[in-house]
Participant: 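Questions regarding the structure given below will be posed in turn.
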Amino acid sequence: MEPADGGRWAGVVFNLPLDQMYTYRIPEGLPVLPGVRVRAELGRRTLMGFVLEVYTELPRELVEKDITPKDLLTQVDELPLFTPSQVELARWMSTMYYSNIGECLGAMIPGGKQERAVVLGGEEEAYQEKDVRLSEEQELGVRSICSSPRGMYYVYGMTGSGKTEVFLTAARKTVDEGRGVIYLVPEISLTRQVADSIRSRFGSSSAILHSRLTPSQRLGEWRRIVRGEARVVVGARSAVFAPVPDLGLIIVDEEHEGSYKSGSSPRYHARQIAMRRASAEGARLVMGSATPSVEAYHLMEEGKISRVSLSRRLAGGDEPEIRVVNLKGVEGCLSPDLITELKQTKDLGKQSILFLNRRGFSHFFHCRSCGYEAKCPRCSVGLTYHKSRNAMVCHYCGYRTPPMASCPECGSLDVGYAGFGTEHVEEEVRRLFPGWVIERLDTDSVKKKGSLEQIISRFRRGEIDVLLGTQMVAKGLNFPGVRLVGIVLADTGLHMPDFRSAERTFGLITQVSGRAGRYTPDGLVLVQTYNPSSSPIAQASTSRISDFYTQEIQTRRELGFPPFSRMIRLLVRSKNHHRAWSSARQIAVRLEHNRRNLQNQQPSLGETEILGPAEAPLGMVNGNFRVHILVTGAVFQAVHRMVGASIQGVVHPRGVYLEIDVDPVSLL
DNA sequence: AGCACGCCGACT
DNA sequence: GTCGGCGTGCTC
């Protein structure tokens, strides 16, 4: 097998920003194969690397450059950790996301990158494993999904309409065909419930990749998957890389969830990886949500994804009543309506949840008479008020304008910035309802270990009257004793300097109302807002779902935002303000240069646009100044090449870092 | 990313 | 005289 005469050499990549492969001599007797990990000396350091290739001859370039390879130190894995198709996927990722292969491979092995994840384990209602009989609609959906060995589907239906059952049945059929399944769930939320039902149905032929596994447990599960012992894999984002042989189905549950996008390099989107894998490996892709991303909805409308609609709410539970409350003229942050309903709920012996959006973005400028809000004339995103500079600033393009003294819509002088933080609301609730048990659940209060579980179980037992929570309460938690859900200020999301703000506001209200009526027949959602007529709020509150998407897609089309364009964001970060800006400007100049070049050489690639450099909405994080540039264009190739050419060979000064985000989900 | 080399300013 | 800033370049 092995040539007895000659030696062997390995092409190795490292998880470092080195876009190069390094050659090492394989010591006699080491059974090194492509796809194994090894330890090797690079410079003065000993690092772990990934073997991509094995040669039986010393590569010519090394002979020419007179380089004598060092010996590999040790072999970490006996058998390859990566299949050739995974290495190929890593190659594709590295070009797609401007990362290097070593970094991509590092992101693919679970635990290779520690992902922080709060798992609200065990908080969902226990899954009842009875004979589940599918409704006619569900049956039809499964049949359509399984009618062909491949294809893209979207199971679209409200909370409680039985999406999970469709997924599970499709998974069963796929396994019966002898093919493997990957079931992706968002980082927070229903992990536990789905994991339980998968385990109970597929037993030892399933693998659950959750954050609590130790590195060696993860590796063990990975090996079981490679060997084909585990045929159904459940996990968050990185589970999309599971080395399932003969992959037949990828499920992306709660497709709209932002946690599918990686927050660090390589900044991949699990949905995008899933699409690529499904098409490369001839598998089906099934996504699902009650509130699809606008991108996915548009693909459905275009017929590129087949829609599987689930219209009926199964297993009882009525639609909750959704009432919009105008905050105009209201003193403080709780309207009389909300106060009345809180009391009413307490009198009935039921519980309430009050939703607060993230603080920090409470500084939007609006008219208290008519609800008019300041927007950038060029980007159509909310302007952020900067008190220190006495200006309203667009965080997309850098546009700025002095704050208005009167409302341009109605002339009222009652204009100003508004918003309230978590502490403020808590204070007011405590003041209004002395003697009630009120608890707050947000990232601050969760830092103490165990307090999250504790608060949740106390709430479940009915020991808490009002739970004040942020996003984390919005998803995946269902409490039988809840009658009232109050969204304290639905506008907050609307004023985020982000083109997805309407989508997120709509999604939040819709998701929340899906929760409220689940157990209580008189479930009630109160949506407090300064803009009762704002489209996403009005449409979500009256369940005019398709109206929202139609309108939002039209707006995106007019403004040339995704899905009608692709976007790449370049973020320059430095402790030094001047350096951050000068590096950003330098990149912008190169971008402009390459934009012109591309325009002249390949006009068929269409127009591209460069927005910025502008201060990022979070202008300073951790003492780092943040400046970003947004590049958009209808043809992805054009945008991608332009950025590639513009960062090629650019060396930024000490302490300046560049982060590139392809198809960013958040622009903060 | 690290870690070396190397070149100019202010300290025991 | 040295310590230490940080720009530059390299890692098989």
Side-chain angles (χ1 to χ4, degrees), chain A residues 6-28 30 32-77 87 90-91 93-94 97-109 111-115 262-268 570-587 590 621-626 647-661:
Chain A
R8 301 202 307 147
W9 289 266
V12 179
V13 290
F14 297 94
N15 190 349
L16 289 178
L18 298 169
D19 215 8
Q20 221 196 330
M21 187 152 75
Y22 293 88
T23 310
Y24 290 85
R25 202 183 73 87
I26 302 173
E28 298 291 313
L30 272 194
V32 169
L33 290 170
V36 300
R37 289 175 301 170
V38 288
R39 300 194 72 75
E41 196 178 82
L42 183 73
R44 251 133 277 241
R45 297 179 291 166
T46 300
L47 297 167
M48 177 146 80
F50 305 101
V51 174
L52 292 194
E53 275 163 72
V54 170
Y55 321 104
T56 49
E57 255 175 80
L58 185 62
R60 186 144 299 159
E61 314 94 79
L62 272 88
V63 181
E64 283 163 7
K65 288 192 216 153
D66 197 28
I67 294 169
T68 316
K70 294 179 181 173
D71 277 19
L72 287 178
L73 298 177
T74 50
Q75 185 170 341
V76 178
D77 308 300
V87 174
R91 281 216 164 85
M93 278 174 75
S94 73
Y97 300 111
Y98 306 98
S99 193
N100 63 310
I101 301 169
E103 224 177 343
C104 294
L105 289 167
M108 288 166 73
I109 41 167
K113 265 194 157 56
Q114 282 302 338
E115 281 165 16
S262 166
S264 57
S265 180
R267 295 171 176 276
Y268 66 91
L570 297 98
L571 180 98
V572 180
R573 166 169 64 83
S574 174
K575 301 248 188 235
N576 182 308
H577 184 266
H578 171 75
R579 285 185 187 182
W581 276 92
S582 80
S583 290
R585 282 193 205 100
Q586 190 195 329
I587 292 165
R590 295 184 54 118
V621 172
N622 231 321
N624 282 293
F625 294 93
R626 303 164 87 245
I647 58 163
Q648 188 78 261
V650 174
V651 265
H652 16 264
R654 217 162 242 280
V656 177
Y657 302 90
L658 173 66
E659 286 168 20
I660 304 172
D661 197 342

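The chains referred to below are lettered A, B, ... by the order of the sequence lines, with proteins before strands, and numbering in each begins at 1.
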Participant: Nearest-Å distance, CZ (A:Arg45) to C1' (B:dA4)?
Facilitator: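 My rounded result for the distance is 12 Å.
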Participant: Given atom CD of A:Gln20 and atom C1' of C:dC10, what is their separation to the nearest angstrom?
Facilitator: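 One finds 10 Å between C1' of C:dC10 and CD of A:Gln20, rounded.
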Participant: For B:dC5, does either OP1 or OP2 sit under 4.0 Å from a side-chain N or O belonging to A:Arg44?
Facilitator: no
Participant: Counting any heavy atom closer than 4.0 Å, what does A:Pro17 reach on the DNA or RNA strands: base, sugar-phosphate only, or nothing?
Facilitator: base
Participant: So which heavy atom on A:Val12 is nearest to which on A:Gly49, and how close?
Facilitator: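 Heavy atoms of A:Val12 and A:Gly49 come nearest at CG1-CA, 3.8 Å.
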Participant: Need one value for A:Glu41: base, sugar-phosphate or nothing, where a base atom within 4.0 Å counts as base even if backbone is also close, heavy atoms only.
Facilitator: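 If one applies the 4.0 Å heavy-atom cut-off, A:Glu41 turns out to touch the sugar-phosphate alone, with no base involved.
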Participant: Heavy-atom distance under 4.5 Å between the side chains of A:Pro69 and A:Leu58, does that happen here?
Facilitator: yes
Participant: Expressed as a whole number of angstroms, how long is the span from A:Phe14:CZ to C:dC10:P?
Facilitator: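 Spelled out: CZ on A:Phe14 to P on C:dC10 is 18 Å.
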Participant: Rounded off to whole Å, could you give me the CG-to-P distance for the A:Leu42 and B:dG2 pair?
Facilitator: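 Value for this atom pair: 11 Å.
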Participant: Return no unless some side-chain N or O of A:Tyr24 is found under 4.0 Å from OP1 or OP2 of C:dC12.
Facilitator: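 The answer is yes; a side-chain N or O of A:Tyr24 sits under 4.0 Å from OP1 or OP2.
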Participant: Do A:Val87 and A:Leu52 make a side-chain contact, defined as non-hydrogen atoms from C-beta onward lying under 4.5 Å apart?
Facilitator: yes
Participant: Return the CG to OH distance between A:Leu73 and A:Tyr24, rounded to the nearest 0.5 Å.
Facilitator: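 So the CG of A:Leu73 and the OH of A:Tyr24 are separated by 8.5 Å.
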Participant: Picking from C:dC12, B:dA1, C:dG7, which would you name as closest to the side chain of A:Lys65?
Facilitator: C:dC12
Participant: How close or far is atom C1' of B:dG2 from atom CG of A:Asn100, stated in whole angstroms?
Facilitator: 15 Å
Participant: Whole-Å distance between C:dC12 C1' and A:Trp9 CH2?
Facilitator: 13 Å
Participant: For A:Asp19 and C:dT11, give me the distance from atom CG to atom P, rounded to whole Å.
Facilitator: 16 Å
Participant: Provide, to the nearest angstrom, the distance between the CD1 atom belonging to A:Ile67 and the P atom belonging to C:dC12.
Facilitator: 9 Å
Participant: Would you call the rings of A:Phe625 and A:His577 parallel, tilted or perpendicular, where under 30° means parallel and over 60° means perpendicular?
Facilitator: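 Answer is perpendicular, since the angle exceeds 60°.
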Participant: Check this one for me: any side-chain N or O of A:Arg654 less than 4.0 Å away from OP1 or OP2 of C:dC6?
Facilitator: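 No, A:Arg654 has no side-chain N/O under 4.0 Å of OP1/OP2 on C:dC6.
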